**Q** 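If you scroll down you'll find the structure; I have some questions about it.
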Amino acid sequence: MKNLIFICLIFIYTSVSAQETKEETYTRKYQNYTSYALLIGSQKDDNTYIHAIQMDHNYLATKNFAVGLETGIQWMDINMATIGPNIKLILPCKNKQSLYTSVSYGSVIPLKKETDDWYTIKKTNGEHFLNTELGYTFPTRNCTAFFMALGYRYQAYSFTREDWWLNSVERKITYNRFVIKVGLKFN
């Protein structure tokens, strides 16, 4: 009888300890990272600080890998929208916190035409952008999380203007910016 009780106690102990060490089950799901970003440039720039609103729409393909789409709007010399694919590598930490790194590359769409007091602008073209960042998420009580990220952003656009001496001149404007992001992650 004592052996039977001893075996039952061992069985109960191993089943309880196995439940405690059991990992959280993984499910594929949609994630939205909505953020306010401050794009910081050189003191030599006319606009040293540029504000942006960005959204990353990601599908969590595996526990540590997400793919999706980044969209956003930036208030640079002219207002510009961005859209492009996004890849995230997520490293889970304690208490549902996580460290992530992200890369995005895509197109820039000018939302209005470039203006100049001295020249007539014929056309404004969007070029491309590249965004890399390293971030950390802090969970809240519900299905949201607060996140902060630091990174680098390259962005370009061009415009064609009429010239008095030449028929037309194309000028390309590039931005190399340090990025600070804060926002909310929705699951």
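Keep in mind the model is a prediction, meaning the values are calculated, not measured.
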**Q** Please report the closest heavy-atom contact between A145 and P139, naming both atoms and the distance.
**A**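 Looking at all heavy atoms of both residues, the closest pair is CB-CA, 3.9 Å.
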**Q** Report yes if some heavy atom in the side chain of Y175 is under 4.5 Å from a heavy atom in the side chain of M80; otherwise report no.
**A**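 Result yes, sub-4.5 Å side-chain heavy-atom pair found.
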**Q** In the single-linkage hydrophobic clustering (I, L, V, M, F, W, Y; side-chain heavy atoms under 4.5 Å), do Y36 and I73 co-cluster?
**A**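 Yes.
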**Q** What I'd like to find out is whether the side chain of F65 reaches to under 4.5 Å of the side chain of I87, using heavy atoms alone.
**A**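 Answer yes - side chains close enough.
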**Q** Are the side chains of F129 and E127 in contact, using a 4.5 Å heavy-atom criterion?
**A**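 Result no, sub-4.5 Å side-chain heavy-atom pair not found.
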**Q** Between the side chains of N86 and S104, is a donor N or O closer than 3.5 angstrom to an acceptor N or O?
**A**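 Short answer, yes.
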**Q** Are W75 and Y49 in one and the same hydrophobic cluster, where Ile, Leu, Val, Met, Phe, Trp and Tyr link if side-chain heavy atoms are under 4.5 Å apart?
**A**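 Yes, same cluster.
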**Q** Salt bridge or not between E133 and R177? Use side-chain N to carboxylate O under 4.0 Å.
**A**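 Looking at R177 together with E133, the answer is no, because their closest N to O distance does not fall below 4.0 Å.
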**Q** Is it the case that the side chains of T62 and N64 hold a donor-acceptor pair, with the cut-off being a distance below 3.5 Å and no angle test?
**A**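 Result is no, nothing qualifies.
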**Q** Under a 4.5 Å cut-off applied to non-hydrogen side-chain atoms, are E70 and Q54 in contact?
**A**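 E70 reaches Q54 side chain to side chain.
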**Q** Check the orientation of Y105 and H128. Use parallel for under 30°, tilted for 30 to 60°, and perpendicular for over 60°.
**A**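 Rings of Y105 and H128: tilted, as their planes differ by 30° to 60°.
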**Q** How far apart are the C-alpha atoms of L99 and L134, what are their side-chain angles, what is the distance that settles it, and do they pass the side chain to side chain contact (heavy atoms under 4.5 Å, CB included) test?
**A** CA-CA 8 Å; L99 179 70; L134 180 66; 4.2 Å; yes
**Q** Work out which heavy atom in F146 is nearest to a heavy atom in L184; give both atom names and the distance.
**A**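 Looking at all heavy atoms of both residues, the shortest contact is CA-CD2, 4.2 Å.
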**Q** Going by the rule salt bridge (charged side-chain N to carboxylate O under 4.0 Å, His left out), which residues pair with K88 if we only count those two or more places apart in sequence or in a different chain?
**A**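 Here the qualifying residues are D56.
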**Q** Taking only residues two or more places apart in sequence or in another chain, which ones pass side chain to side chain donor-acceptor pair (under 3.5 Å) with Q74?
**A**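 Partners of Q74 under the side chain to side chain donor-acceptor pair (under 3.5 Å) test: Q155.
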**Q** Compute the ring centroids of Y136 and F138, then answer whether they are less than 6.0 Å apart.
**A**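 Yes - the distance between ring centres of Y136 and F138 falls below the 6.0 Å cut-off.
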**Q** Roughly how far, to the nearest 0.5 Å, is CZ of F178 from CG of L39?
**A**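 Those atoms lie 10.5 Å apart.
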**Q** What's the separation between atom CG in N176 and atom CZ in R153, rounded to the nearest 0.5 Å?
**A**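 That separation rounds to 12.0 Å.
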**Q** Looking at side-chain heavy atoms only, is the closest gap between I109 and I83 below 4.5 Å?
**A**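 I109 vs I83: side chains touch.
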**Q** Transitively linked via ILVMFWY side-chain contacts under 4.5 Å: L89 with V67?
**A**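 L89 does not cluster with V67.
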**Q** Can you get from I40 to L150 by hopping between Ile, Leu, Val, Met, Phe, Trp and Tyr side chains that sit under 4.5 Å apart?
**A**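 Yes, because I40 and L150 connect within a single hydrophobic cluster, where side-chain heavy atoms sit under 4.5 Å apart.
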**Q** Find out whether I90 and Q31 are in side-chain contact, i.e. whether some heavy atom of one side chain is under 4.5 Å from a heavy atom of the other.
**A**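 SC-SC contact between I90 and Q31 confirmed.
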**Q** For the rings on Y33 and Y100, is their centre-to-centre separation under 6.0 Å?
**A**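 Between Y100 and Y33, which both carry aromatic rings, the centre distance is below 6.0 Å.
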**Q** Nearest heavy-atom pair of S98 and T137: which atoms, and what distance?
**A**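 Closest pair (atom of S98, atom of T137, distance): OG-OG1, 2.5 Å.
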**Q** Report yes or no: do V103 and Y152 belong to one cluster of Ile/Leu/Val/Met/Phe/Trp/Tyr joined by side chain heavy-atom distances under 4.5 Å?
**A**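 Hydrophobic grouping puts V103 with Y152.
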